[in-house]
Each structure stands twice: as structure tokens, then as C-alpha cells.
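The basis for the numbers below is simple: all heavy atoms, side chains too, and nothing from hydrogens, waters or symmetry mates. All values derive from a computational prediction rather than experimental measurement.
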Protein chains: 4
Amino acid sequence: MEKLARKEREFRMHRMEILEQAEKIFAAKGFHNVTMAEIANASGFSIGSLYQFFEGKDNLYTTMITEKLDLMYGQIREKVNMAEDLTEKITMLIGASFQFIEENTDFCGLFLRGETAPLSELMASLRQKLADDHSQHLTFIENILKKGIKSRYLRPLNSRAMAAALFGLIRSSAIDWMLLPAEESLNSKKEFIMDIFLRGVIKHEK
Amino acid sequence: MEKLARKEREFRMHRMEILEQAEKIFAAKGFHNVTMAEIANASGFSIGSLYQFFEGKDNLYTTMITEKLDLMYGQIREKVNMAEDLTEKITMLIGASFQFIEENTDFCGLFLRGETAPLSELMASLRQKLADDHSQHLTFIENILKKGIKSRYLRPLNSRAMAAALFGLIRSSAIDWMLLPAEESLNSKKEFIMDIFLRGVIKHEK
Amino acid sequence: MEKLARKEREFRMHRMEILEQAEKIFAAKGFHNVTMAEIANASGFSIGSLYQFFEGKDNLYTTMITEKLDLMYGQIREKVNMAEDLTEKITMLIGASFQFIEENTDFCGLFLRGETAPLSELMASLRQKLADDHSQHLTFIENILKKGIKSRYLRPLNSRAMAAALFGLIRSSAIDWMLLPAEESLNSKKEFIMDIFLRGVIKHEK
Amino acid sequence: MEKLARKEREFRMHRMEILEQAEKIFAAKGFHNVTMAEIANASGFSIGSLYQFFEGKDNLYTTMITEKLDLMYGQIREKVNMAEDLTEKITMLIGASFQFIEENTDFCGLFLRGETAPLSELMASLRQKLADDHSQHLTFIENILKKGIKSRYLRPLNSRAMAAALFGLIRSSAIDWMLLPAEESLNSKKEFIMDIFLRGVIKHEK
DNA sequence: AATGAATGAGTATTCATTCAT
DNA sequence: TATGAATGAATACTCATTCAT
């Protein structure tokens, strides 16, 4: 029983190690420009071992993306849900997004710029997941904003469009930050986005 | 002389034909999943001929991206420059961007989602150009906004950040539109963006 | 037109050259122990060229078998059909079989011993063809013998079984000849088989 | 001592279990399409354990073939030796051969069709054994027939060729039976072969 | 100029075998 | 003794590029 547990633990450790290295390498070079040998080498395993943890290159890639994305969405939602009022929720949304991006620059370089787009049919499920996740995330944001509208704090605009706008502001700041190296912390842009977005959206009681 | 001219004209025609077909195919499948034979076939030329117009696959790809982007930035600037006051300029910026995107969905699917990101070192120059173009475009937007700030029409915020914000709003609307099929015209979102952005940015004379 | 013809001719020549070399190598080592590089090398083409003539290793193998078998059955039938009476037909059947075997020892080593048996599902069609060809060949022999039965020259035994028996005698002689090196000509066994088959083995007292 | 005996007994049991499973799987898929993992799984042992019973895949395969063949030849000879006169001996030869084939269809499918032929050099010894066994078997048959010749019961033909002929008749019947599924018992062909072989095919006009 | 056959370097994947536990 | 995770050599196949015609 104990042995089984250790085996299990080791398996997960090894799997994670591979995923971490794969993330770095894929992020740096993109899917097609990476070889299994490269990943094997970087993660300290043999080529063959990679296939004990993942069904193949496609699977390794999609797994890496999938698990990281789940982590991201999970972290963001957890933090947002802990906040109570609307303003605080939006602040947390931006802050948690920025934090994840800052802590996972490599991965986000891959994801934000969408290197995930033109994968072969075999990865169709990944594309679907990405689209679904994105849509779900927008809905999550939308629901927050809807409450603001209902409570008459926000203007009665199309909530989906508002969510997309907020997401776009976050995203564009991140892209800008990632493209221009050696700038100030990404988080420093939080205030700016809050400012722009709330002014654009808050119902100004005369 | 005349003959030379015809040759020249033919050469350009052929070159364009190839670029157009290449654009469609690359947009549909991404760089790595396309073969030169495929492009040759689609454009009605032999494989060998492709190499008389372009140095290789990388060059064909980067040329296609580069020329299309130049076209896009050119169109947008031309229209914006024709506008006179700030609001009109911003309207044109959004409108011209949306128009190009609607008229070039395939290409933008490739570009917006960033399939262009992790190309091999050989394409380093493309990456540089993309980054430069993007930066230049932000500067272009920035300069418009700066005038608004100077004229005290806009709040004295960080102009670069404002430009990035506006760009982000445009981009996120486009992505949303591209991901959700069979929706209303992209252009219908123009008003919304104008609304959000200007409220967030205009200096509200008390 | 002429050019097309030459291309066509060259294509066939190259294809044949590859098939001939492949036959030798496959015969010597069996399907799985042969590499495409080996065949490419032996036939004087590059690896890539092999794939311009054949869809893959499986296809190259099955094509080689198929075409050679068709040749064999064709040669045998042609000669048998030229004969007129029953005895002569049987003589030709044995003779033509032996001749093909002697002239194609390598190939027959592969075929007679049945290395063709356990091929992957992809080659299911080959297996079917082999079985069909064999069955058809037995039927061909059977039809000859049936006439002999009808004309009361042969005993009214099960014609299918008789065909199988004759085929077995031919086959076993061939196997014996192939296994024991440096013996007399295979054809020298023709008389013996004719004798055994036509008259039987018992010494007819009286 | 007793413990040792039990160990020994267990070892043999395990070894046999593996051989039996290996036989089934090899027979179904051929040597190259079978993995050690597959055999390990089917026989209920770990991969590592297989290597305690056999030196490797080659060895496992050749051992399986060798032992089964020894069993076959042993069974046939034993039964033939129990018969007394020539006719009875030949009957037993055919009958025992057919019985083994019927009881070991899987294995014979592998062997009769000769999947054993083109094994790598490492298995050269197996090929040799197969050839030797075959030759020895023919000699065994030959010796029976020689007595028949000496006693003037059989015609003074080449005894080796007669043996090969008889073997060929048996073999071809078996192949035919194995290729055509769902037929009558193989043994039902015994009489026919006896008839053909002993009396011949020509209708002996009195 | 135009063609497309020929090239061969590059890579994902398999699986017999080993050996630390 | 038994296990099965780790290994890495081996190989079919692809496709950008060249060059003889």
C-alpha cells in the first residue's frame, strides 16, 4: 500500500517534470519546432519514457495546455469569488489575470498569441476546449457585470459585449507588456484598466 | 520595352495569384501543415515555379504576411487621416479596422490568433517586423490621442496605455466575432466600443 | 507526346528495377527484416523516390507479390491451354510450374513457404488475393481433371481433392528441391510426379 | 529436497503456461507482430519473469516451435511404429499427421505456411533444425516405403521421391483444409490420399 | 523559362531488454 | 525471486529544395 503510494507519487512527479519542461520548450519554439528528443533531454528522461506518461507528442502538448489553462481559470475564479462587491470583483479579475500572466510568461506567450490555433484534426478536441473555455470565461465575467447592471451600478449595456471589452482590455495590456520587454510590472496597469473600464461602464448618477 | 513591360506585368500577376492562394491555404491550416506542392497546385503553377517567385516556403509565408499587413495598416491610416476631428478619427480607426477584418477573415484568423509567433530563427525578421508594426500602430493611435489630451478633450492619462486600451477593445471585439460564428456584422460593435472608450477617456467637464 | 512516352517508359523501368531488387531482398530476409533504406540502396534510388512509385512498404511488398503471382499463374495457364489432351495438359501444368519455380527461386522461397501469412490488417487484401488465387488455381486444375473423369479416362473421384493432390505433389517436390541444395534439375521430377499421379504407387501384380 | 522438487515442478508449469500462451498469440499474429508485453499479459506473468524462463523473444519463439515440432514428430512416429504392415503404417502416418493438425490448428497455421522461414541470423539454428527435422521425417517415411519396395509390394521407384510425394499429399490436404473453413473433418481425406497414393489415379481398365 | 522527378535530412514512435527495488 | 519503469536503437515516412531536361 505504501509502495503503491510512492510509485504513484513518483509517477506524478515525473509527469509534472516533463510537463514543466515541455511548457518551456513549446513556449519558446512552438509545437512543430520541438522534437520529442528535445523534451526528453530537457526533462531528464529517455524518449521512450515520454511515451509512458503521454500517448504522443500531440497528447503531451494538449495535456500541457489543458492543465495549465484549468489552473489559470481556477485561480482567477477562486480569487474573484472571494471578493464581495462588484468593484472588488473586477479588481480581483484583473489582478488575478495579471498575476497568472506574470508568473507564467512563457506559457502565456504561447497561449495569448494563440499558437494553439491551427492544430491538426487530431487536436480538434483541444481547439474545442479552448473555445469553450474562452466562452465560459466570458460568461463568468458577464455574470459579474450583470449583477452590477441589475443593481443599477452599471449602465444597461449588452453584458456580453461588456465582458468582451473588459477581457480585451486585460488582454491587450498583457500583450503590450509581453511584447515590450523590461517594463514596469504588469500589475501597475491594473489601476489604469479599472479606471478606463469603470468610467466607461458605470452609470453616472448625475 | 513593351515586351518587358508585359513580362513584368505577368510576373506580378503570377506572384499575386500565388500569394492569394497561399493566404487561403495557410490561413486554413497554418504554416507547418501546408506543403509547397499544395500551394503550387492551388495556384496552378509547378513547384519549381514557386521558387522563381519566392526564395522558399519561409519567404513565401513571410512575404504574404508582410504585404497583407502593410495593406491593412495602409488602409486604416489612410482612412483615419482623412478624418478631421478626434472623435471622427477614432470612429474611422475602429471602422477601418473592422472593415479590413470582415473583408479578410481568413487572414486575420491566422494573424489575430498569432500563428505567426513561434517561427524558427529564419523568420526572426518577420517576428521583428510584426512587433515593430504593432508598436508603430500603437504609436499611430497614440499620436491621435495625444492631440486629444493636448486639446484637453481627453483626460491626461498615459497615452500609450490609452492606445493599447483602444486597440485591445477593437481586437477583443474582433476575436469574439470571429470565434462566434453567424453573428451580426462586426461593424455593429463600433458604437459600443466608441461609447465605452470615450466615456472612459473623455475629460468630463464637470 | 514523345516526351510523355519517354517519361512513362522511364517510370516503368524504374518501377520494375525497384520491384526486382525488393523481390530479392524480401525473399532473402522476409518482410520485417528489410528496411526501405536497404531497398532504396539496392535499387539505386533514394528513399524518397521509393515513395513516388509505391505508397509505402506494405504497398511495395504486396505489389511485388501480386504482380509476380499474376505472372506465374498467367504463364502456367497459357502453356496448359496450349496443350490438347489430358496427359499433355497435366505434363504442361507440372512443367510450367517447375519452370517458373526454377526461374524464380528467390520469390518462390518466399511464397511457397508462405512468409506472406501473418501480415497486418492493412494487408488483408493481399491475404484475400492469395487465398483467392490459390482457390482459382485449384479450380483451374480441377476443370482439367473433370474432363478426364467425364471421358472416363480418370476414375470418378472427388475432382477438387484430385486437384489438391496434384498441386500437393508439385508443391512438395518443389519444396524438397528448394530445401536440398545442389540437386539435379527440378524438372527431372516431372516424370516421377506424372507417373505417381497417373498410375499410382502399387505395383500392379499381373 | 521436497521443496526443491516443488520449485522445479512450479518452474515447469510456469514455463509451459507461457509457451502455451505464446503459441496462441504467435500463431494468430506472427512473430514480429507480437510483443513480449502481450505474452506476459496473456500468461499472467510480468515482462521481467519471461526473461527468467527464456533468454529473449527469439528464444521463446524457437523454443515454442521446437518443442511443439518434437511433440508432433514424436506422436506420429510412435503411432506409425505401433503399426505392423506397410498399409497400416501409411494409414497411421496420414492419420496421426491429420490428428495432430486438427488438434493444433493454430500452431500448424504458423508452421505449415512457413512463417518460420526468414528469421534473422540469430535464429539460423532454428532454420537448420526445421530443415533437419523435415529431412529426417522424409527419411523416416522413406524407410517405411523402402521395405515395401524390398518386399515387392511397391514399385521400385526412387524412395525419397515417393516419401516426398506422400508427404506432399498429406500437406496439401492439410493446407486445403485449413484454408477452406468449416469443412468436413480433415481425417475424412485420409481414405482419398490412401487411395490416390496406393492405387493411382488412372481408371484401370481391367 | 518552366517543369516535376529525385533527393535525403529530419522525426515520431515502438518495443526488446535491463536492472533497481 | 519478481516486478515493470526506464532505456534508446531502430525505422517508415514527409517534404522543402534542387536541377536536368
Side-chain angles (χ1 to χ4, degrees), chain A residues 3-4 6-7 10-11 14-15 32-41 44-61, chain B residues 7 10-11 14 31-41 44-61 122, chain C residues 3-4 6-7 10-11 14 31-41 44-61, chain D residues 7 10-11 14 31-41 44-61 122:
Chain A
K3 268 190 181 172
L4 210 67
R6 185 173 61 217
K7 289 263 173 181
E10 274 188 350
F11 181 87
H14 293 173
R15 190 174 172 284
H32 284 96
N33 297 309
V34 169
T35 68
M36 290 299 269
E38 212 168 346
I39 297 171
N41 203 45
F45 289 88
S46 66
I47 293 176
S49 291
L50 261 43
Y51 288 83
Q52 286 182 329
F53 295 95
F54 305 95
E55 287 163 30
K57 195 185 177 187
D58 283 15
N59 180 254
L60 174 51
Y61 185 71
Chain B
K7 289 264 175 181
E10 275 187 352
F11 182 87
H14 293 339
F31 181 73
H32 284 96
N33 297 312
V34 169
T35 68
M36 289 298 269
E38 212 169 345
I39 297 171
N41 201 47
F45 291 88
S46 67
I47 294 177
S49 293
L50 260 44
Y51 285 82
Q52 286 176 331
F53 293 95
F54 305 95
E55 288 165 28
K57 193 186 177 187
D58 284 13
N59 179 255
L60 172 51
Y61 185 71
L122 294 172
Chain C
K3 267 189 180 174
L4 210 68
R6 185 173 60 218
K7 288 263 174 182
E10 273 188 352
F11 181 87
H14 294 173
F31 181 74
H32 284 96
N33 296 311
V34 169
T35 68
M36 289 301 269
E38 212 168 345
I39 297 172
N41 202 47
F45 289 88
S46 66
I47 292 176
S49 291
L50 260 44
Y51 288 84
Q52 285 182 329
F53 294 96
F54 305 95
E55 287 164 30
K57 195 184 176 188
D58 283 15
N59 180 254
L60 173 52
Y61 185 70
Chain D
K7 289 264 175 182
E10 274 187 351
F11 181 87
H14 293 340
F31 181 73
H32 283 96
N33 298 311
V34 169
T35 68
M36 289 299 269
E38 212 169 346
I39 296 172
N41 201 47
F45 291 89
S46 67
I47 293 177
S49 293
L50 260 44
Y51 285 82
Q52 286 175 331
F53 293 96
F54 304 95
E55 288 164 28
K57 194 185 179 189
D58 285 12
N59 180 254
L60 172 51
Y61 185 69
L122 294 172

Rounded to whole angstroms, how far apart are [atom1] on [X] and [atom2] on [N]?
| X | N | atom1 | atom2 | answer |
| --- | --- | --- | --- | --- |
| B:Phe45 | E:dA1 | CZ | P | 13 Å |
| D:Met36 | F:dG4 | CE | P | 15 Å |
| C:Leu50 | E:dA9 | CG | P | 16 Å |
| B:Leu60 | F:dC15 | CG | C1' | 15 Å |
| D:Phe54 | E:dT18 | CZ | C1' | 19 Å |
| A:Arg15 | F:dA5 | CZ | P | 15 Å |
| B:Asp58 | F:dC15 | CG | P | 15 Å |
| B:Glu10 | E:dA1 | CD | P | 11 Å |

Please determine if a side-chain N or O atom of [X] lies less than 4.0 Å away from the OP1 or OP2 oxygen of [N].
| X | N | result |
| --- | --- | --- |
| B:Ser49 | E:dT3 | yes |
| B:His32 | F:dT14 | no |
| B:Gln52 | E:dA1 | no |

- Name the nucleic acid region contacted by A:Phe53, choosing base, sugar-phosphate or nothing; use a 4.0 angstrom heavy-atom cut-off, strictly under. sugar-phosphate

Need one value for A:Gly48: base, sugar-phosphate or nothing, where a base atom within 4.0 Å counts as base even if backbone is also close, heavy atoms only. base

DNA chain E in dot-bracket form (Watson-Crick or G-U pairs under 3.5 Å, [ ] crossing, | inter-strand) is .||||||||||||||||||||

Working to the nearest 0.5 angstrom, can you tell me the gap between A:Thr35 OG1 and A:Ile47 CD1?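 The OG1 atom of A:Thr35 sits 7.5 Å away from the CD1 atom of A:Ile47.
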
- prompt: Pick the nucleotide of DNA chain F nearest each of A:His14 and C:Ile47; which residue has the one closer to the 5' end?
  reply: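 Looking at DNA chain F, the more 5' nearest nucleotide goes with A:His14.
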
Q. Considering heavy-atom distances to DNA chain E, does A:Val34 or B:Phe11 have its closest nucleotide positioned more toward the 5' end?
A.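 The residue whose closest nucleotide sits nearer the 5' end is B:Phe11.
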
Need to verify one output field. Residue with the more 5' nearest nucleotide on DNA chain E, A:Lys57 or C:Ser46?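 Between the two, 5'-proximity favours C:Ser46.
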
* To do: For this output row, return yes or no: ring centroids of D:Phe53 and D:Phe11 closer than 6.0 angstrom.
  =>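 Yes - the distance between ring centres of D:Phe53 and D:Phe11 falls below the 6.0 Å cut-off.
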
For D:Lys57 and D:Val34, the nearest pair of non-hydrogen atoms, with its separation, is NZ-O, 2.7 Å

Heavy-atom closest pair (B:Leu50 atom, B:Met36 atom, distance to 0.1 Å) is CD2-O, 3.5 Å

Checking F:dT18, F:dA5, E:dA12 against the side chain of A:Lys7 (C-beta onward), the nearest is F:dA5

